[in-house]
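Throughout, protein chains are lettered first and strands after them, A, B, ... in sequence-line order, and every chain is numbered starting at 1.
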Amino acid sequence: MTGRLLIVDDEPQIVRALRPGLLAAGYEVDSVGDGREALQTIAAGAYDAIIVDLGLPDMDGKDVIARAREWTDTPIVVLSARHAEEEKIAALDLGANDFVAKPFGIGELMARLRAVLRVRGARAAMTDKMSIGHLDIDFSNRRMKVAGKEVRPSPRELRLLRAFTQHIGAVLTHKQIVAAVWGGDEHVETQFVRVLVGNLRQKVEIDPARPSLIITEPGVGYRFIDPNEESAASS
Amino acid sequence: MIRDALDWRTWSPKTRRQALGLAVGLMLPLGSALIANALDTYLDVRAPSMTFLVSVLLAAIWFGRRIALATALFAFFIYNFYLTEPRNTFGFAGWEDVLTLLIFVGTAVLIGGLAGNLHDQRARAQTQVQIFSGLFAVSRDMADQRDEEGALALLEAGVRQVVAPSAVVFAVTADGGVRGLERGPSDMDSVLRVFVESGAATVDVSRGWRLQMLRVSGAPAAVLAWQPLAGAASAEHNIAVQLMVELAANTLERLRYSRRQVELDAIAATDTLRTALMSSMSHDFRTPLSTILTSASSLQTYGDQFNPATRADLLASIQEEAERLNRFIGNILDMTRLDAGALKPRADWIDLLEVFDNVKERVAKRSPGRSLRIVAPAAVPAIRGDALLLEQAVLNVVENALVHAPADSEIRLGAEYSERAVRLWVEDDGPGVPASERSQIFDKFHRLKGTQNTQGAGLGLAISKGFVEAMQGGVRALNGSDGRGLRVEFEFPLHAALENS
């Protein structure tokens, strides 16, 4: 998969380190060093994905995301510090599609990029039946098979599964899950999300104690991954 | 003995006053006689009894009832002797004389009594004024007290001056014991301990001593022991002592509160510093680490697709960032050493030109293409200190200049000297620093407001300052010589260098 990327980062050495790998993977790469230039460049050029460092000299990276989201739904991947959960959640809730925690290897970033680009394609071509790893789902008939065995999901679990499979590989925050399952207006405790995810794991995971499909992003949310895809990326 | 008794200097004030009253009481009727005589002779006014009554009145007002009575009797005799017929003889002229005598005596008794009351009231008012001015002085001084010992000493002095000469303050120690402000343990120790433990506010003990508790936030803080004077104005004295104890208690409370505030401020400052350190670590360590990790993993995954130039560039960036990390760690270690006071600079003679050459060499290696010009007289005197620390201090300032000044601008490194001091300076053509922020650029983790540059942990200049100060030098930041850019100066006094040698 290829496309045009914009890197928004004020650290020239990071851009310098990222560029060769991204080019080798077939992406076109532009870069800008501050938020104002980033917004102008995003408005002017047609990018397939944007990589934003949250620490920018002139403005908060989160503001760049919020402003960009006013007119574009181009996927955004955030580069942030590993322990800044609040910041990650804020960026995701403002419309970023995923994040990579610093320091990161090129493989991690590639996997996130592939995920956000695929989500875009998946939304365009939403399918009724899908097969991910050991999981076969038939959404219109509300049926699913785990390793060939029939399992009955509840309506809520099915809605959650639908949200997950529309964002394979990408993180979903608690807030996004609540919006997808319960509807955005309702006030739902994080605990309910945990219980629902736990129930779904009981049904779809081969070993619910060691999930291979629904991965927890501590403090942020959950990520539904395609085991085949992920093992290819981490190699 | 008799001579002693006659010497007025040995008399008590009261006796002196009585003697004075007696003398005046004798003089007054004589004066009255002269005046009455004069009135009679020159103005043909005959009102002798009135003039004599005035003398009795005055004696009563000035000296009270007893002197007034004596004056009245004396006045009667003189009146009788000089002014009533037959003149210049004592003679009983009948009921008129009896009446005169009665009027004189009655006036003396009546006015003397009134004057006595007035006298007492005036004395009392004077005591009150004395107490209040004393209280005022104590409360004013309390406001200036900076430590608890001082406040308690002031309480002791205040009670002694205003109320009673016998007053001692004991501080209650943390373990519930008591100690005098100047003396060690006192003979009252056990009594005081019992009093502190009893929780009572005040108690009278032996030999007329009264103990009064001073509490701060409910806990015993000190004990005032004093001997109330018998008699006069004891109610006022009690109130005054109460007020002074309250004042001292409030002062102690204020002092304890402000000390706590200072402690809290220190904790808050430590917290700010820790937060700054954390965010600096997170930025300054993760960025190079990210670069290294990304470059290495890119080489691993796509290495065979890269051309040699790209591979070399990624390898170079790995090396540079690893060196950058190493410098950050070095900086943090330096800062820690400075903070812990573990820095022991050597005291050798330093050749400044050599230091400058080393700095230039290191800059050339690290930032090839940047120009650093050295402007120093060949005869610049050697200073006493640690060459390695000075080199690091200068290098940090130069690196700060390299980061902030345009890449094609020149950085100047120089030295000048007088008989008293040697001054080193680094000057750049960068954006400079607003005067309001100049003193803060040496603070740990300080970054200019709204700066475009986020490189560096904000430790370099703080370390420079720490090293220079460890060598008895001083640092300051100024405008560049032509009004733009930044000039950082280190100054080392030469006399200090000579004394050190």
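- Contact of Q300(B) with chain A is not made at all, since no heavy-atom distance falls under 4.5 Å.
- Residue T294(B) touches chain A through both its backbone and its side chain, counting heavy-atom pairs closer than 4.5 Å.
- For chain B, the option among V15(A), D53(A), I14(A) with the highest count of heavy-atom pairs below 4.5 Å is I14(A).
- R201(A) and T216(A) are linked by a side-chain donor-acceptor pair at a separation below 3.5 angstrom, with hydrogens and angles left out of the test.
- Using a 4.0 Å cut-off between charged nitrogen and carboxylate oxygen, E320(B) and R324(B) do not count as a salt-bridge pair.
- D313(B) and T310(B) are not linked by any side-chain donor-acceptor pair at a separation below 3.5 angstrom, with hydrogens and angles left out of the test.
- The parts of A316(B) that come within reach of chain A are both its backbone and its side chain, each placing non-hydrogen atoms under 4.5 angstrom from that chain.
- With a threshold of 4.5 angstrom between heavy atoms, L289(B) approaches chain A through its backbone and through its side chain.
- Using modelled atom types and a 3.5 Å distance limit, the side chains of N358(B) and E354(B) yield no donor-acceptor pair.
- Between the CD1 atom of I374(B) and the NZ atom of K360(B) there is a distance of 5.0 Å, given to the nearest 0.5 Å.
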